[in-house]
Protein chains: 2
Amino acid sequence: MHALKVSCSNCSLRELCLPVGLNRDEMAQLDAVIRQSRRLKRGEYLFRSGEGFRSLYAVRTGYFKTCVSSQDGREQVTGFHMSGELMGLDGISSNLHGCDAIALEDSEVCELPFSRMETLGRDIPSLQHHFFRLMSREIVRDQSVMLLLGNMKAEERLAAFLLNLSQRLSARGFAANDFILRMSREEIGSFLGLKLETVSRTLSKFQQQGWLVVDHKHIQLVKPEELKQLVAGCSQAQH
Amino acid sequence: MHALKVSCSNCSLRELCLPVGLNRDEMAQLDAVIRQSRRLKRGEYLFRSGEGFRSLYAVRTGYFKTCVSSQDGREQVTGFHMSGELMGLDGISSNLHGCDAIALEDSEVCELPFSRMETLGRDIPSLQHHFFRLMSREIVRDQSVMLLLGNMKAEERLAAFLLNLSQRLSARGFAANDFILRMSREEIGSFLGLKLETVSRTLSKFQQQGWLVVDHKHIQLVKPEELKQLVAGCSQAQH
DNA sequence: TTCTTGCTTTGACGCGTATCAAGCAAGCCC
DNA sequence: GGGCTTGCTTGATACGCGTCAAAGCAAGAA
């Protein structure tokens with residue numbers, strides 16, 4: 001735990017640092033590679049699709065969306081990213097970033113130069129393993145989004161989205177049932193494969209049923225169990 | 001090229017072996033780790049969601065689908081896999097397989113024990129890098145599926161699917177415009193987020209327009225340019 | 001052959017979500 | 001304050017795809 005303070009002093013990467021179990025020396029090596037954090041204003045691009053890929057980025061504070069665009073301008077939000085989460089993994093395959101990453105509020109990220117991380121992974125097996133796990137986790141996440149987009153109805157999608165947010169926020173020490181949406185209705189809709197009007201209507205419906213209270217971007221989950229029941233059947237089976 | 005023959009004699013892994021650029025000695029090390037191939041009959045499971053994860057599998061011959069299931073039994077096909085493609089990457093994160101892999105015809109796979117591949121990667125940097133690239137490519141693929149499921153109409157989805165198949169087949173030396181579908185209409189529908197009737201109707205519509213000829217599972221693309229034009233706008237922008 | 005069985009095609013109909021449009025609230029600038 | 005912009009909500013309507021049902025077709029079994 002002490003090593004943690006030393007190494008991650010400039011970077012609150014729960015997800016990235018904690019589970020690896022590095023010793024102090026390894027931590028110092030890692031620390032030498034992680035660049036000073038970079039600050040972004042709301043709306044600013046961290047990277048754009050097609051740009052050269054050099055680094056992964058871990059959210060330190062703030063909030064990001066990543067999205068891909070089609071040629072005729074349709075935009076698909078592929079994810080929302082909060083503190084401790086990693087962005088840019090899709091750039092490794094072609095050495096070009098495969099999506100846009102945009103700050104949804106003033107934010108701060110740690111830059112992890114990939115080739116140096118790769119080299120370091122050879123010396124620190126647990127770090128290498130951790131990177132494989134992070135990439136695999138991203139694949140698992142994407143699969144569950146496919147299940148959502150391919151099989152669920154609007155109400156199920158939105159309920160799953162809200163519960164996922166709630167769970168991630170509470171894992172970071174925030175209230176699970178009282179939070180601020182950092183993104184617009186349109187961005188939620190893009191992520192869920194719905195139009196913004198449908199998102200709005202579905203939120204209103206949940207409110208009418210007394211399951212939650214909506215006040216603009218402020219959401220209070222009053223009966224999260226009801227939402228859970230709604231997604232229980234259509235969420236991925238556990239084994 | 002000679003080294004290739006030596007090392008990949010038991011495993012036709014274009015994708016997996018070719019681009020790495022290993023020398024003969026490294027190839028021999030890799031060869032020692034890759035297990036004898038395993039044969040599966042049509043319909044057989046290679047692995048199931050929830051089973052312990054030990055190995056990745058590369059398709060040597062044949063055809064697979066991978067899918068996740070929800071608790072109430074809805075099934076989402078997450079991908080179809082042909083020779084040279086890798087399955088099981090989603091198992092790394094939790095040491096449990098995250099999806100089912102099922103042979104769509106009599107098939108043969110190479111087993112790659114993951115922990116040994118990981119160890120080998122430390123000694124052979126280009127192998128390590130290649131694995132990162134493979135995982136990243138899977139993430140990129142998943143993102144384009146999200147774009148498809150989130151934004152495209154039935155006709156666009158099916159056209160994109162057919163063109164993707166066509167491209168992968170021709171990359172393996174098969175005819176680009178004359179092929180056999182290895183999967184049922186229902187499986188196509190599950191992958192594309194459509195019902196089987198919609199898949200069938202859309203194929204019929206394409207046929208009526210003279211864009212292709214459907215004879216059960218036998219597809220001939222007569223005017224692939226028309227299909228390409230259909231997906232041109234909605235496919236991912238290139239940079 | 002005839003009877004299965006599984007997969008596919010096609011039609012009729014209905015539901016869910018998109019689309020179009022209007023109105024409202026909050027924030028910002030002059 | 002007025003006027004503007006931006007984002008959200010809500011209603012009316014349209015349409016794409018799902019649902020249900022029936023029938024066709026191929027492959028295999030009895």
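Here is how names work: the chains are called A, B, and so on, in the same order as the sequence lines, proteins then strands, and each is numbered from 1.
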Next on the checklist: I want to verify a distance call: between dT17(C), dT9(C), dA21(C), whose nearest atom is closest to the K153(A) side chain?
Outcome noted: dT17(C)

Checklist outcome for this item: Among dT9(D), dA26(C), dG18(D), the one nearest any side-chain atom of V214(A) is dT9(D)

Quick one: does [X] reach the base of [N] with a side-chain donor-acceptor pair under 3.5 Å?
{"X": "R185(A)", "N": "dT6(D)", "value": "no"}
{"X": "E197(B)", "N": "dC20(D)", "value": "yes"}
{"X": "R201(B)", "N": "dG16(D)", "value": "no"}

Checklist entry - L194(A) near the nucleic acid: base, sugar-phosphate alone, or nothing, with a heavy-atom cut-off under 4.0 Å? => result sugar-phosphate

Checklist entry - How would you label the contact of K217(B) with the nucleic acid (heavy atoms, under 4.0 Å): base, sugar-phosphate, or nothing? => result sugar-phosphate

Rounded interatomic separation in angstrom, taking [atom1] from [X] and [atom2] from [N]:
{"X": "N151(A)", "N": "dT17(C)", "atom1": "CG", "atom2": "P", "value": "13 Å"}
{"X": "M152(A)", "N": "dG16(C)", "atom1": "CE", "atom2": "C1'", "value": "17 Å"}
{"X": "L149(A)", "N": "dT17(C)", "atom1": "CG", "atom2": "P", "value": "13 Å"}
{"X": "E186(B)", "N": "dG18(D)", "atom1": "CD", "atom2": "P", "value": "12 Å"}
{"X": "K195(B)", "N": "dG16(C)", "atom1": "NZ", "atom2": "C1'", "value": "14 Å"}
{"X": "Q207(A)", "N": "dT10(D)", "atom1": "CD", "atom2": "C1'", "value": "13 Å"}
{"X": "L158(A)", "N": "dC8(D)", "atom1": "CG", "atom2": "P", "value": "13 Å"}
{"X": "R74(B)", "N": "dG18(D)", "atom1": "CZ", "atom2": "C1'", "value": "13 Å"}

Next on the checklist: Reading DNA chain C from 5' onward, which residue's closest nucleotide shows up sooner: G193(A) or S184(B)?
Outcome noted: S184(B)

Next on the checklist: For E186(A), is there any backbone N or O sitting under 3.5 Å from a side-chain donor or acceptor partner on S190(A)?
Outcome noted: no

Item to check | Value rounded to 0.5 Å, distance of CG in L194(B) from CD1 in I188(B) | outcome: 10.0 Å

Checklist entry - Relative to F174(B), does R172(B) satisfy both conditions: NZ or CZ under 6.0 angstrom from the six-membered ring centre, and within 45 degrees of the ring's axis? => result no

Item to check | S204(B) side-chain N/O to dT10(C) phosphate OP1/OP2 under 4.0 Å | outcome: yes

Checklist entry - Within the structure, does a side-chain N or O atom of T198(A) lie under 4.0 Å from either OP1 or OP2 of dT17(C)? => result no

Next on the checklist: Ring-plane angle category for F80(B) and Y63(B), please: parallel below 30°, perpendicular beyond 60°, tilted otherwise.
Outcome noted: tilted

Checklist entry - Between L196(A) and A154(B), which is nearer to the 5' end of DNA chain D once each is assigned its nearest nucleotide? => result L196(A)

Checklist entry - Would the number of heavy atoms belonging to other residues, nucleotides or ligands and lying under 6.0 Å from CZ of R54(B) be above 12? => result no

